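This report refers to the structure that appears directly beneath it.
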Amino acid sequence: MSPTVTVLLALACCYGTYLILRGGWTSRLRTTILGLDPKGLGISALAVIAAWFLFGPVFGMSLIITVVIHEFGHVAAYRVIGHHDANFRLVPLLGGYAISSRAPSTQEEQVFVSLMGPAICLAPMVLAYALIPLAVINAPDLVYPLAVFASVNGALNFLNLVPIWPLDGGRLTSTIFTAINDKLPFYIFGAFTAIIGLVAVLNQRIFLLFIVLMGVQHIIQTRGIDGTAPYARMSRPRAYLSLAAWVFTAAAFFLGGLNTLIRFI
């Protein structure tokens, strides 16, 4: 497949993402597109400086751009389901978080909001990889930044989809599997928390251990079920369809972020 065709397919992926989130790109309550409120701009600036200082300009800015796109995916999804007050903030060393005044009212809405944070990043990752062959010929200096951004994008979003609390994968686990069996989230959280904990200890990764500790706390408090919202349960066919979308998205990010995952995990 020629590089031009690959880029066109990547742009088609971007357009598909635009259509899925149509109605969520802007808010009826403000003129801003991204959703960063004025109070969050100072904190967000600190996050950019921290990432730049700790990881270097290319990796650090790739990380920040990925987090911004990811969190905006949640905001846009909130807006699509009618939560036009939604916005997000970047947090130094911790990434970011999306904010809405109320929780989704159904499990389908919760899956949509949780999954669209990572899923919106698929198109930029694919486009960055598609542009690399063209950059090799026309703009060699862009090859390294494109490759780093694509790999960081893939790795960060894959980790975010791992079924452990408080990651999006943990929320998807609570939402999807309770529609199948109430006890399944508890066993899945327990298994993956143990696996990630083992990886953290063997590789001496403090940030993974921090996530594991939060996951253990969630398991103890809720036994794996997210009771923060009075969800109307989805049907099993919809639960399996949601699970398939989750697995496909995670697999795509795993392949795209493999280089970074090997380096840091």
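These values consider heavy atoms only, across backbone and side chains, with no hydrogens, waters or symmetry-generated copies. Keep in mind that what you see is a predicted model, and the values were worked out from it rather than measured.
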Treat each ILVMFWY residue as a node, draw an edge where side-chain heavy atoms are under 4.5 Å apart, and state whether Phe177 and Ile195 are in one component.
no

Verify same cluster id: Leu184, Leu172 (apolar side-chain graph, 4.5 Å):
yes

How many angstroms lie between atom OG of Ser174 and atom CD1 of Ile188, to the nearest 0.5 angstrom?
9.5 Å

Output, in order, the C-alpha distance, side-chain angles, deciding distance and verdict of side chain to side chain donor-acceptor pair (under 3.5 Å) for Gln107 and Thr178.
CA-CA 9 Å; Gln107 287 189 323; Thr178 51; 3.0 Å; yes

Between Leu21 and Met116, does a side-chain contact (heavy atoms from CB on, under 4.5 Å) hold up when you go through it step by step?
CA-CA 9 Å; Leu21 291 174; Met116 281 313 302; 3.7 Å; yes

Stepwise, does the side-chain contact (heavy atoms from CB on, under 4.5 Å) test hold for Leu156 with Val67?
CA-CA 8 Å; Leu156 187 64; Val67 171; 3.8 Å; yes

Work out which heavy atom in Ile180 is nearest to a heavy atom in Arg236; give both atom names and the distance.
O-NH2, 2.8 Å

With a 3.5 Å cut-off and sequence neighbours excluded, list the donor-acceptor pairs that the side chains of residues 244-256 form with protein atoms.
residue : atom : partner : partner atom : Å
Trp246  : NE1  : Leu161  : O            : 3.1
Thr249  : OG1  : Ala245  : O            : 2.7

Where is the tightest heavy-atom contact between Gly117 and Asn157, given as atom of each residue plus distance?
O-OD1, 4.2 Å

Check Ser114 against His74 and note the closest heavy-atom contact, atom names and distance.
O-CE1, 3.2 Å

Does Thr175 reach the side chain of Met234, with side-chain heavy atoms less than 4.5 Å apart?
yes

Return the minimal non-hydrogen interatomic distance between Cys121 and Thr66, and the atom names on each side.
SG-O, 3.9 Å

Output the distance between atom OG1 (Thr6) and atom CG (Leu11), rounded to the nearest 0.5 Å.
11.0 Å

Around atom CZ of Phe192, are there more than 12 heavy atoms from other residues, nucleotides or ligands closer than 6.0 Å?
no

Considering all heavy atoms, the nearest Pro163-Phe189 contact:
O-CD2, 3.5 Å

Residues that Ser151 engages under side chain to side chain donor-acceptor pair (under 3.5 Å), provided they are two or more places apart
Thr260

Determine whether Val7 and Leu122 fall in the same hydrophobic cluster, where Ile, Leu, Val, Met, Phe, Trp and Tyr are linked whenever their side-chain heavy atoms lie under 4.5 Å apart.
yes

Val75 reachable from Ile65 in the ILVMFWY side-chain graph, under 4.5 Å edges:
yes

Any non-hydrogen side-chain atom of Tyr78 less than 4.5 Å from a side-chain atom of Pro104?
yes

When rounded to the nearest 0.5 angstrom, what distance separates CG in Leu63 from CE in Met61?
9.5 Å

Give the intermediate values and the outcome of side-chain contact (heavy atoms from CB on, under 4.5 Å) for residues Val111 and Arg238.
CA-CA 10 Å; Val111 168; Arg238 290 187 177 185; over 6 Å; no

Set of residues satisfying side chain to side chain contact (heavy atoms under 4.5 Å, CB included) with respect to Leu19, sequence neighbours excluded:
Tyr15, Arg22

Examine Ile132 and Leu258 and state if one hydrophobic cluster contains both, with Ile, Leu, Val, Met, Phe, Trp and Tyr joined whenever side-chain heavy atoms are less than 4.5 Å apart.
yes

Which heavy atom in Ala239 sits nearest to a heavy atom in Ile176, and how many Å separate them?
O-CG2, 3.5 Å

When Phe149 is tested against each of Leu146, Asn153, Val152 for side-chain contact (heavy atoms from CB on, under 4.5 Å), which residue passes?
Asn153

Do side-chain atoms of Glu109 reach the backbone of Ser105 as a donor and acceptor pair under 3.5 angstrom?
yes

Check the pair Leu115 / Asp168 against side-chain contact (heavy atoms from CB on, under 4.5 Å), numbers first and verdict last.
CA-CA 7 Å; Leu115 188 58; Asp168 288 327; over 6 Å; no

